[in-house]
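The structure appears below as C-alpha cells.
Numbers here are sequence positions counted from 1.
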Amino acid sequence: MSDSGKKSKRQEERTAKAYRGSRNAMSGAGWVRKADVRTEEFMIENKLKMDPDAKSYSIKSVDMRDLVKRARLEGRIPLMQIDLAGHRYVVLTEDDFLEMIDD
C-alpha cells in the first residue's frame with residue numbers, strides 16, 4: 001500500500017471511530033456499500049489533501065450530488081470530511097445543517 005493509501009486508511013479509521021461508524025470495504029468502491037464510512041445517521045466521504053502546505057481543496061459538484069443521492073436512498077445524512085493542511089472540515093447540505101441546528 002502506498003503512503004497516501006495508508007494515510008487515507010488512517011483517516012477513514014479515525015472518522016469511523018469519531019462518528020461511531022464503520023469503514024466500508026475498498027473505501028466504498030464496491031457496488032453495495034458506497035462512501036468511506038457509515039453510521040446509523042451519516043454516510044461519510046473522506047477526502048485527504050496530502051500536501052501539508054495546501055492552500056485549497058476543490059469539491060466537485062458531481063461528487064457532492066452522488067453522495068447526497070446515495071445517502072438519501074439509505075435515509076442517511078451525507079457528509080464530506082476533508083483533511084486540509086492539518087485541519088479537519090465537514091461539508092454538508094445547508095438543509096441538513098439547518099435541520100440540525102433547529103433540533
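When the side chains of ILVMFWY residues are joined at heavy-atom separations under 4.5 Å, either directly or via intervening members, Val68 and Val37 end up in two distinct hydrophobic clusters. Linking ILVMFWY side-chain heavy atoms closer than 4.5 Å, directly or via other members, places Leu98 and Leu92 in a single hydrophobic cluster.
Residue-environment remark: OH (Tyr89) exceeds the threshold of 12 foreign heavy atoms within 6.0 Å.
Pro78 places a side-chain heavy atom less than 4.5 Å from the side chain of Asp96.
Test Leu79, Asp36, Val91, Thr15 against Glu45 for side-chain contact (heavy atoms from CB on, under 4.5 Å) and you get one pass: Asp36.
Formation of a donor-acceptor pair under 3.5 Å by the Arg20 side chain with backbone atoms of Thr39 is not found in this model. In terms of modelled atom types and a separation under 3.5 Å, the side chain of Gln81 and the main chain of Arg88 share no donor-acceptor contact.
Rounded to the nearest 0.5 angstrom, Lys7 NZ and Asn46 CG are separated by 15.0 Å. To the nearest 0.5 Å, atoms CZ (Arg38) and CZ (Arg23) are separated by 14.0 Å. With rounding to the nearest 0.5 angstrom, the CG atom of Leu84 is 13.5 Å from the NZ atom of Lys47.
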Kindly determine whether Val90 and Tyr19 satisfy side-chain contact (heavy atoms from CB on, under 4.5 Å), including the steps that lead there. CA-CA 12 Å; Val90 174; Tyr19 288 80; 3.2 Å; yes
Would Leu67 and Met43 count as a side-chain contact (heavy atoms from CB on, under 4.5 Å) here? Give the steps. CA-CA 8 Å; Leu67 176 60; Met43 179 176 284; 3.9 Å; yes
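Nearest approach of Arg72 to Ile77, heavy atoms of both residues: NH1-CA, 4.1 Å. Phe42 approaches Met100 most closely through the heavy-atom pair CE2-CE, 3.5 Å. The two residues Ala54 and Lys49 make their nearest non-hydrogen contact at CB-CG, 3.4 Å.
A salt bridge between Asp83 and Arg10 is absent, with no side-chain N of the basic residue lying under 4.0 Å from a carboxylate O of the acidic one.
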